[in-house]
Structures are given as C-alpha cells and as structure tokens.
Protein chains: 2
Amino acid sequence: MSLPSRLEKMCLDKGLQMTGPRRVIAAVLSEFADHPDVEQVHQRAVLLDKNISIATVYRTVRLFEEAGILERHDFREGKARYEEVPLQHHDHLIDLKTNAIIEFQDEQIERIQKEIAQKFGYTSVDHRLELYGIPAENSEKK
Amino acid sequence: MSLPSRLEKMCLDKGLQMTGPRRVIAAVLSEFADHPDVEQVHQRAVLLDKNISIATVYRTVRLFEEAGILERHDFREGKARYEEVPLQHHDHLIDLKTNAIIEFQDEQIERIQKEIAQKFGYTSVDHRLELYGIPAENSEKK
DNA sequence: TTATATGCAAAGCTTTTGCGCTGGC
DNA sequence: GCCAGCGCAAAAGCTTTGCATATAA
C-alpha cells in the first residue's frame, strides 16, 4: 500500500490532485481484478483508512471515470460496477448460474461494430457488449 | 383504442389476466415504436385512463418482461426503457448528440457471439450490444 | 494561503411494496 | 364471491449534494 498503484500513476498523468482517499481508492481498484460495486470499493478502502466515506467513493469513481481511467459497467443488477480501464479492450460474458464474469476479446466484433456505425453515418466512440450464458450441458464444468 | 393491440394478443397467448390498465398499457406500448421509459408509458396511459397509477405501470412492465413480451433496455441514463419484443432481433446504436436510438441487425455479429459463448463452454441465452456514436461530420469538425 | 476535497447527513430518483379496496372471471 | 389486481403512499436501494471542516499544493 505504499507503492503508487497503476491507477495512481494514471491519475498523476491526468493532473488529478492526489489526496489520501484518492490514493487509497486507486490502490484498491488496482489491486483487485474483479468488478467491484461502490459498496465493495468502500469496504476495501475502509480497511486502509477507516475515515473514508461512501460519498467520497462515489465522487472519486465518477471523477476517475470522467478522466477515462475507470470503466463503469452495469450488469443488470441496478447498481454500477467498476474496473480499471484495461490495457487491452475486452467485453464480458456473464455466467447466469454463478454470476462469474469472463472477459474476452474479439477482433472481428470490434471491426464490425465500427463498420456498422460508419454505415449509419456515425463515428463509434464507445460500445457495450455483454453476453449472458449458462454452462453448456455437454462440456466440463469449471 | 378499442382494437386489441399486438401486445394484448401476446398477453392472451400467455394466459395473463387482461384488466383495464393492462389493456391500456399494452396498447400504449404497441402504438409507439420508440423506447419509452416508465414515466412516459404512464403519461401516455393516463391519457386513456386517468386513474392508472405509476405503480401499476411498474408492475405491468415487469410482468410483461417476465412473460417475454417486452424487452427492457438500459441506455445508461439511470432508468429503464421498454419496447415490444421485436419480430426480428436487433441491437441499438445510440446517438450521443441527440439521444436518437437507431435499430440495426447484423447476422455476422449474432453468429460470432454464439461462437464466443461456445468457446468458453456456455450456451448463449441473451446478449446486449449497444454502440454509442456521434454524427460523423461532427467528429471531423472537432 | 487558498482553492479543492472530504465527511456527514439530508435529499433525489427510480423502483418496489404493504394495505385496504376494486373488479375480472 | 374470490382472488388477483389496483391505487395510494410509504419505503427501499443506489447515488448525488449542501455545508462546514480539513487538506493538498
């Protein structure tokens, strides 16, 4: 918790003021490779600094998202989940049985998406692709 | 407003009890080809029956969604939007400048999505693909 | 020092729910 | 007549915000 996290470095690149709470929240988000919701981020942050309030977590993840260093996801649960902007873009496959989240990349899909936007006269600035699946019967379970 | 809407027929097929409010909400959702949120559905329903409450609209769209005759969308506005389950599946391109919603279909993407799920040992039961774009000429100007 | 960030609590928004009454079947 | 559905209002769940204080630069 003393070394600056990858996210903290990105904050500095963006010229964000690095306060105590922001450093802790950045560290927490860098450390975990899952997709925590705000309450989970807060719970983890409080372990490092028990004074951090949930309001600050909300303000900070919004700030980080607007700075382009965090991605917000909504997996249809009525609340947001966050992850570091990944080095390489990926989409998500959600296991409806276990709620596991599997990340994947597909060049073809990325290319076709751009083409579709172009076809309608748009420049694609963002997209969201989520697959919802159940374990196939005839393959081994994880 | 006296003829049964397409949605009302689908309700009957599913064995849902057709009350006054449900008939009105089904008609309203069948009549408009856009993607109204719950408040808009309610506003339109009230024109036909001023006693319909927003609670009933919430209950009804949830019922319809669970019956598989309505699709719920979340276009990152913090509230749900609904549309009739379409005759042919389509995805959405959202114009970030005007909030226009453009529907499109792409066979290739559908096929690749199934393949990806398979590759990870899943059967794809649902997916969500949204493209967010800005008009191409605008992006040139900036 | 001075602007910005924080903590706390209150409020905002969308959505759900408890309850007594209404109305389809 | 019964039981599901309805309207109303209250509440739940997530998120934002006003304000006084604390802190980074």
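Protein chains get the first letters and strands the later ones, always in sequence-line order, with residue 1 at the start of each. All values below come from the heavy atoms of this structure, side chains included, with hydrogens, waters and symmetry mates left out.
At whole-Å resolution of the value, CD in B:Glu66 and C1' in C:dT16 are 13 Å apart. Taking atom CZ on A:Arg22 and atom P on D:dA25, their separation rounds to 10 Å, with Å as the unit. Here D:dC6 presents its P atom at 17 Å from NZ of B:Lys50, a figure rounded to the nearest Å. In this structure, CG of A:Asp49 is placed 11 Å from C1' of C:dT6, rounded to the nearest angstrom. What separates CE of B:Met18 from C1' of D:dA4 is a distance of 14 Å, to the nearest Å.
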Each nucleotide of nucleotides 10-23 of chain D classed B (base within 4.0 Å of a protein heavy atom), S (only sugar-phosphate) or -, in 5' to 3' order, makes ----SBBBB-----
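Residues meeting the side chain to side chain contact (heavy atoms under 4.5 Å, CB included) test with B:Ser124, sequence neighbours left out: B:Ala117. Applying the side-chain hydrogen bond (donor to acceptor under 3.5 Å, both in side chains) rule to B:Asn51 yields no partners; only residues at least two apart in sequence or on another chain are considered. Under the side-chain hydrogen bond (donor to acceptor under 3.5 Å, both in side chains) criterion, B:Gln88 pairs with no residue, sequence neighbours left out. Among residues two or more places apart in sequence or in another chain, the side-chain hydrogen bond (donor to acceptor under 3.5 Å, both in side chains) test is passed with A:Asp34 by A:Arg44. Remark: A:Glu130 pairs with B:Arg128 by the salt bridge (charged side-chain N to carboxylate O under 4.0 Å, His left out) rule, at least two apart or across chains.
For A:Lys114 and A:Glu110, the salt-bridge test fails: no basic side-chain N is under 4.0 Å from an acidic carboxylate O.
Close to C:dG7, at under 4.0 Å from its OP1 or OP2, lies a side-chain N or O of A:Thr56.
Comparing the helix axis at one end of the helix from C:dT1-D:dA25 to C:dC25-D:dG1 with that at the other, each defined from 5 consecutive pairs, gives an inter-axis angle of 40° (nearest 10°).
Residue pairs meeting the ring-ring contact (aromatic ring centres under 6.0 Å, His included) criterion with at least one partner in residues 83-116 of chain A, sequence neighbours excluded, are A:His35-A:His92, A:His73-A:His92, A:Phe75-A:His92, A:His89-A:His127, A:His90-A:His92.
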Show me, pair by pair, the donor-acceptor contacts under 3.5 angstrom made by side chains of residues 62-69 of chain B, not counting sequence neighbours?
residue: B:Glu65; atom: OE1; partner: B:Arg72; partner atom: NE; Å: 3.2
residue: B:Glu65; atom: OE2; partner: B:Arg72; partner atom: NE; Å: 3.4
residue: B:Glu65; atom: OE2; partner: B:Arg72; partner atom: NH2; Å: 3.4

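Here B:Asp37 lies out of heavy-atom contact (under 4.0 Å) with every strand.
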